[in-house]
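Note sheet for the following structure.
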Amino acid sequence: MKLYNTLTRKIENFEPQDAERVKVYTCGPTVYSFAHIGNFTCYVYWDLLVRTLQQQGYKVDRVLNITDVGHLTSDADDGEDKMEKGARREGKTVWKVAEMYMNDFLKNFRALNMVEPSRICRATDFVKEDMTLVDALDKKGYLYDTTDGLYYDTSKFPTYADFAHLDLEHLKAGARVEFSDEKRNVSDFAVWKWIRDGEDHAMKWEYRGRMGYPGWHIECATIIHEVLGEPIDIHCGGIDHIPIHHTNEIAQLEGAYGKKMSNFWLHNNFITIEGQKISKSLGNVYMFDDLAKRGYTHMDYKMWVLQGHFQSERNFSFDDLAAAKQRLLNYRNFAALRWQKEATQMDDVKSAMLEQLDNNLNSAGALAELDKVITKNVPNEAFVQFLDDVFGLDIAKSTPDISDELKEKIAKRFEAKKAKDFATADSLRNEISAEGITLLDGADGSIWQYA
Ligand code: AMP
Ligand code: ZN
C-alpha cells in the first residue's frame, strides 16, 4: 500500500512494524463548540484509511483523543483557553461543556458510520501522565520556567525545524514583540501552564506545589506513549497541525524518550464552502443539522467527501452535495438489483477498486471503477458487503429485499400495463410508490428502485 508521508514529503510503500497490527493515532476535536462539516472531513478520510488497512488484512489499533483541556485560542500559548471560553459563553461549567460537545461529536461520528476507534482518550484523563512526560523533559534539560508556564526550549532539540521545514530565522524576524518577554526562542511553547495570582482557571491540577494545567501539544505525545507506545505506524491530522502542534508533539516525545514518534504522517487539506473560508462572519459554518434541514443525510455528506482526496483542497457546494446524494442513490439501486436478478462476476471490479485505494487512498478512483459497471453488472451480497466494508456508506442495510406482497403487486402492475389496463396499472403504481419505490420497466418485467 502506498501513502504520502509528510515526514519524507514522498509517496512511500507502507509497511507496519508488526505484520498484523497497525498502530494509528488521529488528533481529535477540541470540544468547546459544535464541530462543523469542515471539521468532519478528516475523520471520513481517516475512516477510509482504517477500512483500507482492514482490507489488507491488518488489525487496526486506532486511538482518537478528545481535547477537553489546555487548547488556547492562539497556537502561540497566549489567548484564552477554548474550554473556558465555551463555558463562559454558555454559563455552564467547563466539564459540562466538554461533556456536551464530546457527546455531540461522537453522535455525528457514529452517524457517519465510522469504524469505532479501539480507544477514545480524553486529555483530562491523562494529566498525571502528562506530568511524567514534563518531568522527563525537565530531567533532560529541555525546559525553563516562566511566570506563565514551563516552556520547551526548542533550540535544544536540533531537529526541531525539520518536520515542517521551518525557517526559524524568518519566524524570529516576523514574531510579535509581546510574546517574547520571557520566551527564549520564538518557537518555544508551554508544556505546562501555571495559574497566576489573580487568574482563574476552572480546570486545574496541583503540580510542583502550584496549580496549573497541561499545554495543548502534550496530550497527544502522552497518549501515544501511554496507550500505543512509540513509534506508532501512522499519525494523522490537519495540515494546519504541521508547523506547530505536530512539530511540538515530536519535540516532546522524541526529546523525552529518544524514540521516533511515528513512521508515517498523513495530513488532510481544508475545504472551503461555496468558494469561501468557513467562518462565522460569512454564515457558512454548516453543521449536520443544517444539511438535514435541506434534505441531506450524513451518508450523502460522506459520499461527497469520498469523491475527493485527503490531500486536495476542496470546495463544498450544495450542488455538489446534491450530485453526491444522487450518486449514492445510484449505488443503492445497483445494490438492490441483488434481490431481483442473477449476480454477475465482480472479482475483477473488487481488485481494481482495491488497487485504487492502495494507491494513497484514491477513493475517487475506486468509485470511478465502480461507476464503470453499475449499469452492466448485478452484485451479489458479498460484493455489496465489500462496498460497505471499504466505504462505510451503509448500502446493504438501506437496500433490504421487499416483501412478497410488494413483488406480487409489481408483477401485477406489469401485466396490467401490458394488457393496456392503465387504470389498474396506475393505481398499483401509486400503491408501490407510497412505499418509496419507483419502477423501471424492461421487456419482460419491472425492476424496482429506491426513489
Ligand atoms: P478548530 O476546532 O477550529 O481548531 O478545528 C479543529 C480542526 O479541524 C483543525 O485543526 C483542522 O485540522 C480541522 N478543520 C478546521 N476547519 C477545517 C476545514 N475548513 N476543512 C478541513 N478541516 C478543517
Ligand atoms: Zn495532536
Side-chain angles (χ1 to χ4, degrees), residues 6 24-46 62-76 79-83 85-86 97-98 101-102 104-105 108-109 117 120-123 126 130 133 163-164 189 191 214-228 230 232 234-253 261-262 265-282 284-287 301 304-305 308-317:
T6 306
V24 178
Y25 184 87
T26 53
C27 288
T30 304
V31 285
Y32 71 111
S33 67
F34 289 115
H36 56 67
I37 59 168
N39 298 131
F40 275 98
T41 50
C42 62
Y43 302 109
V44 176
Y45 293 131
W46 309 147
R62 187 247 181 122
V63 173
L64 170 78
N65 70 308
I66 302 282
T67 300
D68 55 2
V69 65
H71 192 174
L72 304 185
T73 47
S74 149
D75 276 343
E80 222 177 338
D81 183 309
K82 289 191 180 189
M83 297 304 304
K85 189 176 165 182
V97 166
Y101 291 118
M102 181 178 76
D104 186 75
F105 172 83
N108 284 308
F109 188 89
I120 295 174
C121 300
R122 291 180 69 156
F126 285 83
D130 288 337
L133 180 53
F163 183 67
F189 60 95
V191 298
W216 173 40
H217 316 296
I218 203 158
E219 67 184 70
C220 297
T222 296
I223 293 169
I224 284 176
H225 180 70
E226 297 290 332
V227 180
L228 289 168
E230 69 276 23
I232 58 168
I234 308 175
H235 192 315
C236 305
I239 46 167
D240 54 320
H241 290 151
I242 300 172
I244 297 177
H245 181 57
H246 287 166
T247 288
N248 292 347
E249 283 185 19
I250 293 170
Q252 291 168 111
L253 196 58
M261 187 174 207
S262 181
W265 289 79
L266 267 53
H267 288 97
N268 66 285
N269 211 320
F270 271 45
I271 66 164
T272 51
I273 295 191
E274 311 277 2
Q276 313 256 31
K277 192 174 169 239
I278 301 179
S279 87
K280 267 205 191 108
S281 57
L282 293 169
N284 64 359
V285 185
Y286 296 123
M287 318 291 176
Y301 168 79
W304 176 80
V305 178
H309 191 258
F310 73 97
Q311 289 180 273
S312 307
E313 196 176 16
R314 295 183 64 203
N315 182 46
F316 172 92
S317 71

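Below, all heavy atoms of this structure are taken into account, side chains as well, without hydrogens, waters or symmetry copies. Counting convention: from 1, in listed order, for ligands and their atoms alike. One is the number of the first residue; the rest follow in order along the sequence.
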Inset, instruction - Nearest 10° is fine: what angle sits at the Zn ion (ligand 2) between SG from Cys220 and SG from Cys27? - result: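 That angle works out to 120° after rounding to 10°.
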If you have a sec, work out which protein heavy atom is nearest [atom] and how many Å separate them, to one decimal?
{"atom": "atom 21 (C) of ligand 1", "value": "Gly38 O, 3.2 Å"}
{"atom": "atom 18 (C) of ligand 1", "value": "Phe270 CD2, 3.4 Å"}
{"atom": "atom 3 (O) of ligand 1", "value": "Tyr32 OH, 4.2 Å"}
{"atom": "atom 4 (O) of ligand 1", "value": "Lys82 NZ, 3.2 Å"}

Do [X] and [Y] pair up side chain to side chain, a donor and an acceptor below 3.5 Å, judged on atom types alone?
{"X": "Asn65", "Y": "Tyr25", "answer": "yes"}
{"X": "His267", "Y": "His246", "answer": "yes"}
{"X": "Glu249", "Y": "His235", "answer": "yes"}
{"X": "Thr26", "Y": "Arg62", "answer": "yes"}
{"X": "Ser262", "Y": "Glu230", "answer": "no"}

Legend entry - Trace of the side chain to side chain contact (heavy atoms under 4.5 Å, CB included) decision for Cys121 with Ile66: CA-CA 6 Å; Cys121 300; Ile66 302 282; over 6 Å; no
Inset, instruction - Would you check whether His36 reaches within less than 4.0 Å of ligand 1, judged by its heavy atoms? - result: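 For ligand 1, residue contact (heavy atoms, under 4.0 Å) with His36 is present.
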Inset, instruction - Compute the minimum heavy-atom distance from Thr30 to ligand 1 and say whether it is under 4.0 Å. - result: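 Contact absent.
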Legend entry - Name of the Glu249 atom (N/O/S only) found closest to the Zn ion (ligand 2):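 Restricting Glu249 to its N, O and S atoms, the minimum distance to the Zn ion (ligand 2) goes to OE2.
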Inset, instruction - Check His241 against ligand 1 and report side chain, backbone, both or neither, counting heavy atoms closer than 4.0 Å. - result: side chain
Inset, instruction - Examine Phe34 together with Tyr101 and report whether their ring centres are nearer than 6.0 Å. - result: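 Phe34 vs Tyr101: aromatic centres under 6.0 Å.
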Inset, instruction - Measure centre to centre between the rings of Trp46 and Phe310, then say whether the value is under 6.0 Å. - result: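 Yes - the distance between ring centres of Trp46 and Phe310 falls below the 6.0 Å cut-off.
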Has ligand 1 got any nitrogen or oxygen that is less than 3.5 angstrom from a nitrogen or oxygen of [X]?
{"X": "Asp240", "result": "yes"}
{"X": "Asn39", "result": "yes"}
{"X": "Ile278", "result": "no"}

Inset, instruction - Could you tell me how the ring of His245 sits relative to the ring of His217: parallel (under 30°), tilted (30 to 60°) or perpendicular (over 60°)? - result: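 Correct class here is tilted.
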Legend entry - Metal check, the Zn ion (ligand 2) vs His245 N/O/S, cut-off below 2.8 Å: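 Under 2.8 Å: His245 contacts the Zn ion (ligand 2) through an N, O or S atom.
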Inset, instruction - Select the closest option to atom 19 (N) of ligand 1 among Asn268, Thr67, Thr272, Ile271, judged by heavy-atom distance. - result: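 Shortest heavy-atom distance from atom 19 (N) of ligand 1: Ile271.
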